[in-house]
Novice: 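Can you read through this structure? Questions will come right after.
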Protein chains: 2
Amino acid sequence: MPIRNKRAPTLADVARAARVSLKTASRVLNGASNVRQEKVSKVQAVMARLGYRPNELARSLMTRKSGTIGIIVANLANPFVIEVIKAVQQVARANGYVLIITSSEGQPEVESAEIESLVRRRIDGLIIAPASSGPRLSSHLLPANIPTVTFDQLVRGTAFDSVIITNRQSASEATRHMIAHGYRRIVAVGTRPYLYTSKERVAGYRRSMAQSGFEARECFVKHESLLTAKWLEEEVLRGEAAEAIFSLNWVTTQHVLRGLRDLGISAGRDIALISFDDFDLGEMLTPGLSVVQQPSDSLGRESARLLFERLKGDHALPSRRIVLQARLVIRQSCGCGVGGTLVAGAP
Amino acid sequence: MPIRNKRAPTLADVARAARVSLKTASRVLNGASNVRQEKVSKVQAVMARLGYRPNELARSLMTRKSGTIGIIVANLANPFVIEVIKAVQQVARANGYVLIITSSEGQPEVESAEIESLVRRRIDGLIIAPASSGPRLSSHLLPANIPTVTFDQLVRGTAFDSVIITNRQSASEATRHMIAHGYRRIVAVGTRPYLYTSKERVAGYRRSMAQSGFEARECFVKHESLLTAKWLEEEVLRGEAAEAIFSLNWVTTQHVLRGLRDLGISAGRDIALISFDDFDLGEMLTPGLSVVQQPSDSLGRESARLLFERLKGDHALPSRRIVLQARLVIRQSCGCGVGGTLVAGAP
DNA sequence: GTGAAAGCGCTAACAA
DNA sequence: TTGTTAGCGCTTTCAC
């Protein structure tokens, strides 16, 4: 029996009970090879008997490794984000790391506060979907010795590893697809125009519109709460002003779908729609939602890989950028397969 | 300038630079009142100048409080789970705590491993959706001094605080609603029959069926991967054997919807359907999905509240159980509003 | 008000 | 192969 009855047993308690030195007990704990088998068994037996639980906090203090990875996302409700987290989680677990997940709610101030909190907890690495593309996420917040990988948004003027997708190209492709259906009054709808992803997707959309000689029109709200049916009707639809909508992100699509329904307009039938980002039941809608699908699993996996490469190995690698291919998934809402007017030669 | 150029500045560095004692610096850090204002300012100035970041790990070692809450869920993909986490996260953040989120994948062995990992990291509290209702989640895994709240599943023979919902009653209500539509061949479909939630929901379903003198029929798969279109056709539908389906959880509904579509059967039109658990776009399906909606936000909030009550105050409170009311949300797939055969007197 | 000393539970660097 | 001695960065006595 350990002397103190209340406190959890420490390695010292174990060592005492096993009649070995603290260091020997420590060696057994860490699976060091240079301990006599006999003592190993004895120490392990005592550990089991006492119900010994190593204190990772104490270990971390000494090793300067907390075994935790921070991950900051903008919106936990977004299934894309969840899939990324799941992938990161898998890699982290396989490496014996644990994830501290927080959300910035897309607000740079919250993001800063969360970073500070994580740094104080001495995370070994950070994976972050930045809340803004501006220079807020700067190195004065993050100590240089915390490897960081950004995903989704790209932050100007930083040297973080990053994983992004083909925003511009995929947006262009989606737009081209709608154009091939014969639509020319295609409106891009989105939130937070100042984000990197928004800008890139708009650029892709514009490129395709311009190539066909059509006029691009973008409707943005600063925050999704402003994306109401009324706004849709007055700003986007404007009577006959829109034949098709290109929704620039998940939360936008959600609000656009609800708004159109409230207006008695069938998304995909009365007006064509392609969404950047998919839904759990996107295929089950009628008509099925045509989407640009982000490779969320690879995105998480690659982000984690980049991070662990720095963690395990060389801290001084040059900063790397990975661009993953997003995929245009054609279902019906784009105009395909609902007696739509798909023009010959369409994708 | 601190002497060591490489290492992050410590409180000792701060104290030295500010020409005060370590303890005074510590007092300033913790906002103690008994320090002369002059010194407070000085220390704070030095902290800012040096870019000092308190090491929470070191503090935790001494205070025996890590400022972290563990949360273990069965499936991060489930939006219900995510909403619970979001609510818990909010409360945790408001209390200065951080969340370590892990997933058991519904497997008791993984759950045990995750618990062990969290205990070693000295979480201050645990919120867990148990992977099984059996006695696996027992106190030999969890030290008695780690307050724990379970939600979703109820674990037999433990004294944890818990937050659950009206599984039985709500399942009964949903079944009654379908019966009122005139259906009598209503089949309950689900996964993992051994779970508390499954049993309760089945019990509610059976009660309503029995009250109307109808024969209850349940179709279970052990794992969702077995829930294929073929299985649906052969085990659930069996020709005309099913007029309505009561899907017992989120993942089941997802597979049932896909399966029915693959069979060319419209869920809600050709066969009635009520789902336990809602979807992001549940309302946007055609017909709209009728569901039992769990109060996920309250569930998370209440779980967190129970936990923090123990954390902040009395550890020796008697164990409490909170039962929250789930809500039957009638859209169309139950038979309402699609020219269904709703019988007079239906809810 | 302030500070010196001790110690939280572990590992690192040495010596034996 | 083993043990001893220092710490890691902070908080907590308990003196002054």
Side-chain angles (χ1 to χ4, degrees), chain A residues 2-4 6-43 46-47 50-68 119-124 143 145, chain B residues 2-4 6-43 46-47 50-68 119-124 143 145:
Chain A
I3 292 141
R4 10 212 170 111
K6 223 50 209 254
R7 279 221 221 301
T10 71
L11 197 56
D13 295 327
V14 170
R16 209 171 304 128
R19 303 176 169 287
V20 298
S21 79
L22 183 56
K23 183 57 196 171
T24 300
S26 169
R27 280 197 253 263
V28 173
L29 179 59
N30 292 289
S33 57
N34 52 348
V35 184
R36 206 180 302 157
Q37 183 53 42
E38 174 191 358
K39 295 206 172 182
V40 172
S41 326
K42 182 158 189 190
V43 169
V46 171
M47 282 178 170
L50 261 44
Y52 169 71
R53 302 299 183 69
N55 186 332
E56 283 297 335
L57 262 33
R59 176 183 303 199
S60 300
L61 191 56
M62 195 65 211
T63 58
R64 294 155 195 291
K65 264 151 193 13
S66 65
T68 59
V119 169
R120 291 181 174 211
R121 289 197 161 76
R122 295 300 190 262
I123 50 169
D124 292 336
N145 59 350
Chain B
I3 292 138
R4 10 211 169 114
K6 220 53 208 247
R7 278 220 221 301
T10 72
L11 198 55
D13 296 327
V14 171
R16 209 171 303 128
R19 303 177 170 286
V20 297
S21 79
L22 181 56
K23 181 56 197 172
T24 298
S26 168
R27 281 196 253 262
V28 172
L29 179 59
N30 292 289
S33 56
N34 53 346
V35 184
R36 208 180 301 159
Q37 182 52 41
E38 175 191 357
K39 294 203 173 184
V40 173
S41 324
K42 183 159 190 187
V43 170
V46 172
M47 283 177 170
L50 261 46
Y52 169 70
R53 303 300 185 68
N55 185 333
E56 284 296 335
L57 262 35
R59 177 183 304 202
S60 300
L61 191 56
M62 198 65 211
T63 59
R64 294 155 195 293
K65 250 120 206 38
S66 64
T68 59
V119 168
R120 290 180 175 210
R121 289 194 162 78
R122 296 301 190 262
I123 50 168
D124 292 335
N145 59 350

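Each chain gets a letter, A, B and so on, in the order the sequences are listed, and its residues count up from 1. Remember, predicted model here, so these are calculated numbers, not experimental data.
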Novice: dG3(C), OP1 or OP2 - any side-chain N/O from T24(B) closer than 4.0 Å?
Specialist: yes
Novice: When you check the phosphate oxygens OP1 and OP2 of dT11(D), does a side-chain N or O of S26(B) lie under 4.0 Å from one of them?
Specialist: yes
Novice: Tell me the interatomic distance from L11(B), atom CG, to dT2(C), atom P, rounded to whole angstroms.
Specialist: 15 Å
Novice: How many Å lie between CZ on R64(A) and P on dC10(D), as a whole number?
Specialist: 11 Å
Novice: Please tell me if R36(A) has a side-chain N or O lying less than 4.0 Å from either OP1 or OP2 of dT1(D).
Specialist: no
Novice: Quick one: N30(B) CG to dT2(C) C1', roughly how many Å, whole number?
Specialist: 16 Å
Novice: Side chains of R59(A) and R120(B): closer than 4.5 Å at any heavy-atom pair?
Specialist: no
Novice: Distance check needed: dT11(C) C1' versus L57(B) CG, whole Å only.
Specialist: 14 Å
Novice: In whole Å, I'd like the distance from the CE atom of M62(A) to the P atom of dG7(C).
Specialist: 18 Å
Novice: Within the modelled atom types, does a donor on one side and an acceptor on the other bring the side chain of K23(A) and the base of dA12(C) under 3.5 Å apart?
Specialist: yes
Novice: Heavy atoms, side chains only, cut-off 4.5 Å: are D13(A) and Y52(A) in contact?
Specialist: no
Novice: Do L61(A) and N55(B) touch side chain to side chain, with heavy atoms closer than 4.5 Å?
Specialist: yes
Novice: Return the OG1 to CZ distance between T24(A) and R36(A), rounded to the nearest 0.5 Å.
Specialist: 10.0 Å
Novice: Tell me the interatomic distance from R121(A), atom CZ, to dG9(D), atom C1', rounded to whole angstroms.
Specialist: 16 Å
Novice: Answer with base, sugar-phosphate or nothing: what part of the nucleic acid does L22(B) contact at a heavy-atom distance below 4.0 Å?
Specialist: base
Novice: For R121(A) and T68(B), what are the C-alpha separation, side-chain angles and deciding distance, and is it a side-chain contact (heavy atoms from CB on, under 4.5 Å)?
Specialist: CA-CA 10 Å; R121(A) 289 197 161 76; T68(B) 59; 4.0 Å; yes
Novice: Rounding to a whole Å, what distance do you find between M47(B):CE and dC10(D):C1'?
Specialist: 11 Å
Novice: Give a yes/no on whether any side-chain N or O of T63(B) is located under 4.0 angstrom from OP1 or OP2 of dT11(D).
Specialist: no
Novice: Under the 3.5 Å rule, do the base of dG3(D) and the side chain of R27(A) count as making a donor-acceptor pair?
Specialist: yes
Novice: If you pin V20(B) and L29(A) to their nearest nucleotides in DNA chain C, which one's is more 5'?
Specialist: V20(B)
Novice: Can you work out whether N55(A) or R19(B) has the more 5'-proximal nearest nucleotide on DNA chain C?
Specialist: R19(B)
Novice: Write down the distance between CG (N34(A)) and P (dG3(D)), rounded to a whole number of angstrom.
Specialist: 12 Å
Novice: For Q37(A) and A58(A), find the nucleotide of DNA chain D closest to each by heavy atoms; which residue's nucleotide sits nearer the 5' end?
Specialist: Q37(A)
Novice: Does dG3(D) have its OP1 or OP2 closer than 4.0 Å to a side-chain nitrogen or oxygen of S21(A)?
Specialist: yes
Novice: Choosing from dT2(D), dT2(C), dT11(D), which nucleotide comes nearest the side chain of K39(A)?
Specialist: dT2(D)
